[in-house]
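Below, read A as the first sequence line, B as the second, and so on, with proteins coming before strands; counting in each chain starts at 1.
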Amino acid sequence: MAESIWTKMSKIDARWLFLFLWIVVLAPFIVSISLPMKISALTNQWYNYLNDMPDGSVVLWSWDVSFAGWSEMEASGVAVTKLLRKLMEERDFRIIMIGHRSECGPLPEIVLKDLGMHPDQTAEYGKKYCHLGYMAGGSVAMINFAKDIRSVMPVDWWGTPLDDLPVMDGINTIQDIDLCIYIESGGTAAITQWVIPYGTKLMLCSVQGNVPGQMPNLQAGLIKGMLGGLRGGAELEKLTGFLGVGNINITAFSSAHLVIMAFIVLANITFFIRRARREI
Amino acid sequence: MATIWDDLTLFLTVWGTLCVYSYTFKDNPFWKWGTNTLVGGYIAYSAISNIDYMAKNVINPMMTKVNWVHVAAILVGFLWYFRFWKKYYYLYRYALAISVGSGIGITLAKSVSSNIIKQVASTMLPLYGTGTLRGDFDNIVIVVSVLSVMTYFIFTIAHEGPVGKPIGWISKVGRWVLVITFGIDFGNVIAARMSLFIGTVKTLMLPQHQTLFAIIGTVIMIYLVGTELAKRRKVAPEITAP
């Protein structure tokens, strides 16, 4: 007996679906297509919390993102850095960047270079912002950083002693930090090492996969706001007007999800029809 | 002016990315090269980064003033390398024990507060009177979900009789909540993977990468499709005349 069309559909080689996804994702980069995007309450909450910080606040811009995670978190990383630069220029914020992974020495350096904030490009480096570089040691280093920043990071990423950087004047422990913004692609120890013992205010930029896991922390007030994955980054870009990579990628993101949803619906229809026809 | 290193970087970016993604077609030598190079390169990079951190922040300051705590920590760190020396292998266990013990000690004490006390406290919510209908509804959903899921994991009471039956009903609600949660998690994983993929495609579509993307992509595709077709031809049964 010849196979029905439903049986044939259930046997489609998955590689055709992969090829279709490649085409759908590539299309927005080749042809200019734009899908609408609504800014979520989560992103609004994140943005408002940062905006409500008093003038002259000291912000620790913590990086804990891998090279692999960077392709997802680039939008958030760049948009937050631009927003902090604006707050630094207009409201006297002080920004201290630090990395918790080996990748997070060079990644913030690349962003600083792209934004013209690298020490080689401007003499402003060190006055209101600095990049301390990679801090090895995970949770243990975070504990010591909280007690005495200079005990684990006596010099910045380029080897300048912290005492020679005006931005670090009067900043010795985690209690001198008003807000920590933490970009991560694999969990954060900041809650256990900084928030619980010292009451540090913490906001996250999380990879999409970690968003459900962090929601209870948001509900419990352990974190003050959360940007979720590529979408969060794209929304922040739209909210701040610093349009960039997130708004380019988000059309591909939406169209890819529409296709995946269509596949899931089609697969379920096929399954139920085959079951009704007693083909399985 | 672009140097040969810039060109090599461009080539390796596109080549490495496409080698890894070629796995979506099938297991192949390009994929093996890509993953092995990635793992090896990443380990080397991590080692160099950590040595660099030690040199800048630990060794250099000790040139002026010796910090004996750091010296002790470095000596304990060297114990890890006894793993490769059968005779003194046991010394490696001291380093392991100190790492595991201090790690657990550091994390556990504060985890109780962040993972249990704070989470439980945030579940003690008013079921009405939050000021908005949405607020009341959200709180009810949270409280009902927590209680029903916890009931689902009570395995000591049979779901029959005057006590067991209601527990069975609540347990069923818990099962639904769990299934919905797993669905949300699965959706998020798809979104996360697509975000990574889209970020990578964006890199490939940068003006400086486009030509290489087209050339290398075509070469890899021809190889993969060619070998697949050759394999199919090989295993196809011979047709003989009746």
Enquirer: Search all heavy atoms of B:Asn57 against all heavy atoms of A:Met153 and return the closest pair with its distance.
Expert: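 Nearest pair, atom of B:Asn57 first, then A:Met153: OD1-CA, 3.7 Å.
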Enquirer: Do B:Val189 and A:Gln208 have side chains that approach each other closer than 4.5 Å (heavy atoms only, starting at C-beta)?
Expert: no
Enquirer: Kindly compute the distance separating OG1 (B:Thr203) from CD (A:Glu74), expressed to the nearest 0.5 Å.
Expert: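 Here the interatomic distance stands at 6.5 Å.
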Enquirer: Give a yes or no on whether B:Leu133 atom CG has more than 12 heavy-atom contacts from other residues, nucleotides or ligands under 6.0 Å away.
Expert: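 No, because the 6.0 Å sphere around CG of B:Leu133 holds 12 heavy atoms or fewer from other groups.
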Enquirer: Please report the closest heavy-atom contact between B:Tyr53 and A:Tyr134, naming both atoms and the distance.
Expert: CD1-O, 3.0 Å
Enquirer: Under 4.5 Å heavy-atom distance to chain A, tell me which part of B:Leu38 shows up: side chain, backbone, both or neither.
Expert: neither
Enquirer: Taking all non-hydrogen atoms of both residues into account, name the closest pair between A:Gly69 and B:Leu196 and its distance.
Expert: CA-CD2, 3.9 Å
Enquirer: To check you understand the geometry: which heavy-atom pair defines the closest contact between A:Pro212 and B:Asn188, and what is its length?
Expert: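 Closest approach of A:Pro212 to B:Asn188, heavy atoms only: CG-ND2, 3.3 Å.
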Enquirer: Can you tell which part of B:Ile48 gets under 4.5 Å to a heavy atom of chain A, answering side chain, backbone, both or neither?
Expert: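 Nothing of B:Ile48, per the 4.5 Å heavy-atom cut-off to chain A.
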Enquirer: Chain B: which of A:Val25, A:Leu230, A:Asp13 shares the most heavy-atom pairs with it under 4.5 Å?
Expert: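 Heavy-atom pair counts peak at A:Val25.
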Enquirer: Within a radius of less than 6.0 Å around NZ of B:Lys110, do more than 12 heavy atoms belonging to other residues, nucleotides or ligands occur?
Expert: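 Enclosed: over 12 neighbouring heavy atoms sit under 6.0 Å from NZ of B:Lys110.
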Enquirer: Near A:Arg15 CZ, under 6.0 Å, is it more than 12 heavy atoms from other residues, nucleotides or ligands?
Expert: yes
Enquirer: Enter the distance from B:Leu108:CG to A:Thr192:OG1 here, rounded to the nearest 0.5 Å.
Expert: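 Taking CG in B:Leu108 and OG1 in A:Thr192, the distance rounds to 11.0 Å.
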Enquirer: In terms of heavy-atom contacts, does CZ of A:Phe263 have more than 12 from other residues, nucleotides or ligands at under 6.0 Å?
Expert: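 Yes.
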Enquirer: Pick from A:Ile30, A:Val152, A:Asn210: which one has the most heavy-atom pairs with chain B under 4.5 Å?
Expert: A:Val152
Enquirer: Would you say B:Tyr42 and A:Glu103 make side-chain contact, with heavy atoms under 4.5 Å?
Expert: yes
Enquirer: Do you know which two heavy atoms are closest between A:Phe29 and B:Met205, and how far apart they sit?
Expert: CB-CG, 3.9 Å
Enquirer: Under 6.0 Å from the NZ atom of B:Lys26, do we count more than 12 heavy atoms belonging to anything else shown?
Expert: yes
Enquirer: Tell me, for B:Asp52 versus chain A, whether the close heavy atoms (under 4.5 Å) come from the side chain, the backbone, both or neither.
Expert: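 It is the side chain, since no backbone atom gets that close.
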Enquirer: If you count heavy-atom pairs within less than 4.5 Å of chain B, which of A:Ala75, A:Ala256, A:Gly229, A:Pro216 leads?
Expert: A:Pro216
Enquirer: Roughly how far apart are B:Ile106 CD1 and A:Gln193 CD, rounded to 0.5 Å?
Expert: 6.5 Å
Enquirer: Show the nearest heavy-atom pair for residues B:Thr24 and A:Phe18, with the distance to one decimal.
Expert: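 Of all heavy-atom pairs spanning B:Thr24 and A:Phe18, the closest is O-CD1, 3.3 Å.
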Enquirer: Among B:Thr181, B:Ile190, B:Leu204, B:Ile184, which has the most heavy-atom pairs under 4.5 Å with chain A?
Expert: B:Ile190
Enquirer: Rounded to the nearest 0.5 Å, how far does CE of B:Met194 lie from CG of A:Leu21?
Expert: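 The CG atom of A:Leu21 sits 5.0 Å away from the CE atom of B:Met194.
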Enquirer: Chain B heavy atoms under 4.5 Å from A:Met73: which part of the residue, side chain, backbone, both or neither?
Expert: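 Nothing of A:Met73, per the 4.5 Å heavy-atom cut-off to chain B.
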Enquirer: So which bits of residues 207-216 of chain B come within less than 4.5 Å of chain A, counting non-hydrogen atoms only?
Expert: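 Residues of residues 207-216 of chain B touching chain A at under 4.5 Å: B:Phe213.
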Enquirer: How long is the span from the CZ atom in A:Arg231 to the OG atom in B:Ser195, to the nearest 0.5 Å?
Expert: 11.0 Å
Enquirer: Please identify, among B:Ser122, B:Ser113, B:Pro61, the residue contributing the most non-hydrogen atom pairs under 4.5 Å to chain A.
Expert: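 Heavy-atom pair counts peak at B:Ser122.
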Enquirer: Roughly how far apart are A:Gln219 CD and B:Lys118 NZ, rounded to 0.5 Å?
Expert: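 NZ of B:Lys118 is found 13.5 Å from CD of A:Gln219.
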Enquirer: Just give me the residue among A:Ile250, A:Ile191, A:Val245 that pairs up with chain B most often, heavy atom to heavy atom, under 4.5 Å.
Expert: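 Counting heavy-atom pairs under 4.5 Å, the top option is A:Val245.
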Enquirer: For A:Tyr198, is the OH atom crowded, meaning more than 12 foreign heavy atoms sit under 6.0 Å from it?
Expert: yes
Enquirer: How far apart are the C-alpha atoms of A:Leu19 and B:Phe25, what are their side-chain angles, what is the distance that settles it, and do they pass the side-chain contact (heavy atoms from CB on, under 4.5 Å) test?
Expert: CA-CA 9 Å; A:Leu19 181 66; B:Phe25 191 81; over 6 Å; no
Enquirer: So what's closer than 4.5 Å to chain B heavy atoms on A:Val140: side chain, backbone, both or neither?
Expert: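 Both the backbone and the side chain of A:Val140 come within 4.5 Å of chain B.
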Enquirer: Please say whether more than 12 non-hydrogen atoms of neighbouring residues, nucleotides or ligands are located less than 6.0 Å from CE in A:Met261.
Expert: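 No, the 6.0 Å shell around CE holds no more than 12 heavy atoms from other groups.
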Enquirer: Aromatic rings B:Tyr45 and A:Phe67: how do their planes relate, parallel, tilted or perpendicular, breaks at 30° and 60°?
Expert: tilted
Enquirer: In terms of heavy-atom pairs under 4.5 Å, which option from A:Pro154, A:Gly213, A:Gly209 contacts chain B the most?
Expert: A:Pro154
Enquirer: Can you tell me which portion of A:Trp70 sits under 4.5 Å from chain B's heavy atoms? Options are side chain, backbone, both or neither.
Expert: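 Neither part.
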Enquirer: Can you tell me if B:Trp80 has over 12 outside heavy atoms packed within less than 6.0 Å of its CH2?
Expert: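 Enclosed.
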Enquirer: Pick one of side chain, backbone, both or neither for B:Ala191, based on which atoms fall under 4.5 Å of a heavy atom in chain A.
Expert: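 Contact with chain A: backbone and side chain both.
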